[in-house]
Undergrad: 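Provided herewith is a single structure, encoded as structure tokens, for subsequent inquiry.
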Amino acid sequence: MSDNTTTRERKHFIEEIIEEDIATGKHDGRVLTRFPPEPNGYLHIGHAKSICLNFGVAQTYGGKTNLRFDDTNPTKEKTEYVDSIKRDVQWLGFEWDGEAKYASDYFGQLYEFAKKLIRDGKAYIDDSTAEEIAEMKGTPTRAGTPSPYYSRTVEENLDLFERMKAGEFPDGAKVLRAKIDMASPNMHMRDPVIYRIKHAHHHRTGDAWCIYPMYDFAHGQSDSIEKITHSICTLEFENHRPLYDWCIENLEIFPSKQYEFARLNVNYTITSKRKLLKLVEDGHVTAWDDPRMPTISGMRRRGYSPASIRNFCDKIGVARRENVIDVSLLEFCVREDLNKIASRVMAVLNPVKVVITNYPEGQLEQLEIGNNPEDENAGTRQVPFSREIYIERDDFMENPPKKFFRLGIGRNVRLKGAYILHCEGVKKNAEGEVEEIYCTYYTDSKSGQDTSGVRAKGTLHWVSVPHAVEAEVRLYDRLFLDESPAGHEDKEYTDFINPNSLKVLDTVYCEPHLKDAQVGTYYQFLRKGYFVLDTDSSEEKLVFNRTVTLRDGWAKKGKKK
Ligand code: ATP
Ligand code: MG
């Protein structure tokens, strides 16, 4: 996929590093990056940034990108997550090199690496408990103390490690630690644990292993096994880099290099798999792909296009400084792309019936209406017109103010692609609510061939009553009411959930064209926003999601204050 929509002029620092490496002939100019998710949840907008960065730089410099599952923590990982991650990366428009890879593919190799460290006198088995190890680690200002097991012989360590692998010991009874420096100012270098016992079923290796490498002993080595040239990760791993380098150096393996960038934070949004999982588990949303979720699958279901997410990631750039991006920038990118690609159609969300009294009963006209004024190749479609139509209830006012350019008694309005109407009167029900609106039409005012000379200031969307297709429409608002839901010490992020984040309209009337709507087709419902068919849709019931409104409603709200 080539991204020719890039608007950026300046290179970011990772690109500068890569260019320098290519210029100096490092790795013979080869570029191989990787995207390394842990399959313990669905990917979110933050991961999209990492995906766009890793695959993006490889594309720019003629390189490749691996997809590698960092699956060293068997209790939290699932095949469901693996599948969703693959789907999401592909949907974003990227292709990984060869087969997907797994850290678990390297368990055998990693075990051998660990034995090499032991043989070289650089690792030992520690029987201390997790608490004792934490206590012995000291603090950043106080050096740690050596473990009482520090001086075990190589033979004893090898024997114990093999017996750990053979399943002789219960969870937590022993760990393997690298022998580095208990006085290091970097806590990660104070004899870090590199293997632990965990009698747990792994989603891929089953019960073959009961010892598992720690992140720091799996990640860098996996990079190295795959000969990754640029291992790009978020800033929280900066402190892990010395250990990353130590392992590579002491194992004498391919010298992958780690580079850190600032993670993406978005206001009004949670970007943590653990916190998103809780939203699903506690029923605050229906699933990982609930259209209100900032997950890639949620955004897809909501109707965000892959290009809009890629453009967003491109616009926010890559830097080493932490910042928070305004969620309205993401919505802006969505509108910008959908405006180009969405088919314009008509649907009436809150219908009221209009009877055109001088239009012959039983007459039907097929009107030809353009699909997208922004795209000359989008063509036209036929929309049926008849004596009875639906319009939006709020497009009518009995006694409208002067500036109301929609329908009012005695006023004219144009119907999109059809005729100009003149409103004659209304019928109300016992509650005083308008039940039907009566209009006449100017017979010579047909769109495109209007010779009536009649003026109408506004244009309304409409749907012919006998041809209308009923649908449910789901309107979304932000899931959180607070800009920084996870940023409060005295409150939980779940305290800020917007109780009105979902509004369901159960009787929406759509033009018949939408009967054949497909999941994945982008629509603009004229004047109402961008919509897509939801995956809950069935033969019996059409369900549409509103992706975004046509304009940023929140910006307006902000100004009013
Ligand atoms: P989470 O905090 O949601 O659990 P994680 O970092 O644990 O995320 P991983 O599966 O380990 O999730 O992430 C895979 C890659 O995505 C890592 O390289 C990580 O640095 C990157 N990543 C995760 N969150 C963000 C973010 N908010 N912005 C940019 N990159 C991210
Ligand atoms: Mg992680």
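We number each residue from 1, following the sequence as shown. Just so you know, ligand 1 is whichever comes first in the structure, and atom 1 is the first atom listed for that ligand. Computed from a predicted structure; not experimentally measured.
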Undergrad: Hey, are K174 and D126 close enough for a salt bridge, meaning a charged N less than 4.0 Å from a carboxylate O?
TA: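 Looking at K174 and D126, the cut-off is not met.
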Undergrad: Does K275 come within less than 4.0 angstrom of ligand 1, counting non-hydrogen atoms of the residue?
TA: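 It does not, in that no heavy atom of K275 comes within the 4.0 Å cut-off of ligand 1.
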Undergrad: Looking only at side-chain N and O atoms, does S256 offer a donor or acceptor that is under 3.5 Å from a partner on S231?
TA: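 No donor-acceptor contact under 3.5 Å links the two side chains.
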Undergrad: K198 vs D171, test: salt bridge (Lys or Arg N to Asp or Glu O under 4.0 Å). Steps then yes/no.
TA: CA-CA 5 Å; K198 211 164 206 178; D171 288 6; over 6 Å; no
Undergrad: Is the NZ atom of K76 crowded by more than 12 outside heavy atoms at less than 6.0 Å?
TA: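 It does not: K76 NZ has 12 such atoms or fewer within range.
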Undergrad: Under 3.5 Å, N or O to N or O, is N40 touching ligand 1 that way?
TA: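 No, N40 has no N/O under 3.5 Å of an N/O on ligand 1.
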Undergrad: Sequence neighbours excluded, which residues qualify as salt bridge (charged side-chain N to carboxylate O under 4.0 Å, His left out) partners of K491?
TA: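 Result, salt bridge (charged side-chain N to carboxylate O under 4.0 Å, His left out) vs K491: none returned.
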Undergrad: For atom 6 (O) of ligand 1, which of the options E260, K273, E236, K49 provides the nearest non-hydrogen atom?
TA: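 Answer by nearest heavy atom: E236.
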Undergrad: Could you tell me whether L264 and ligand 1 have an N or O pair separated by under 3.5 Å?
TA: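 The answer is yes, given that L264 and ligand 1 share an N or O pair closer than 3.5 Å.
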Undergrad: Applying the side-chain contact (heavy atoms from CB on, under 4.5 Å) test to Y522, which of I341, V334, T547 qualifies?
TA: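 The side-chain contact (heavy atoms from CB on, under 4.5 Å) with Y522 is passed solely by I341 among I341, V334, T547.
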Undergrad: Under 4.0 Å from a heavy atom of F261: which atoms of ligand 1 are those, numbered in the order shown and with their elements?
TA: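 Result: 29 (C), 30 (N).
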Undergrad: D216: which residues meet the salt bridge (charged side-chain N to carboxylate O under 4.0 Å, His left out) condition with it, sequence neighbours left out?
TA: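 In terms of salt bridge (charged side-chain N to carboxylate O under 4.0 Å, His left out), with neighbours along the sequence ignored, D216 is linked to no residue.
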Undergrad: Between R263, R274, H219, flag the one that comes closest to atom 2 (O) of ligand 1 by a heavy atom.
TA: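 Looking at heavy atoms only, R263 sits closest to atom 2 (O) of ligand 1.
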Undergrad: Give the atom numbers and elements of ligand 1 that come within less than 4.0 Å of a heavy atom of E38.
TA: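 With E38 as reference, the close atoms of ligand 1 come out as 9 (P), 10 (O).
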Undergrad: May I ask you to decide if the ring planes of H44 and H47 are parallel, tilted or perpendicular, using 30° and 60° as cut-offs?
TA: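 Aromatic pair H44/H47 classed tilted.
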Undergrad: Going by the atom numbers of ligand 1, which of them fall below 4.0 Å from some non-hydrogen atom of S272?
TA: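 So the atoms of ligand 1 that pass are 3 (O).
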Undergrad: Measure from atom 30 (N) of ligand 1 to every heavy atom in G46, S231, G41 and give the option owning the shortest one.
TA: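 Of the listed residues, G46 has the closest heavy atom.
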Undergrad: For H47, is the nearest heavy atom under 4.0 Å from an atom of ligand 1?
TA: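 Within the 4.0 Å threshold, so yes.
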Undergrad: If the cut-off is 4.0 Å to any non-hydrogen atom of T234, which atoms of ligand 1 fall inside it?
TA: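 Close to T234: 19 (C), 20 (O), 29 (C), 30 (N), 31 (C).
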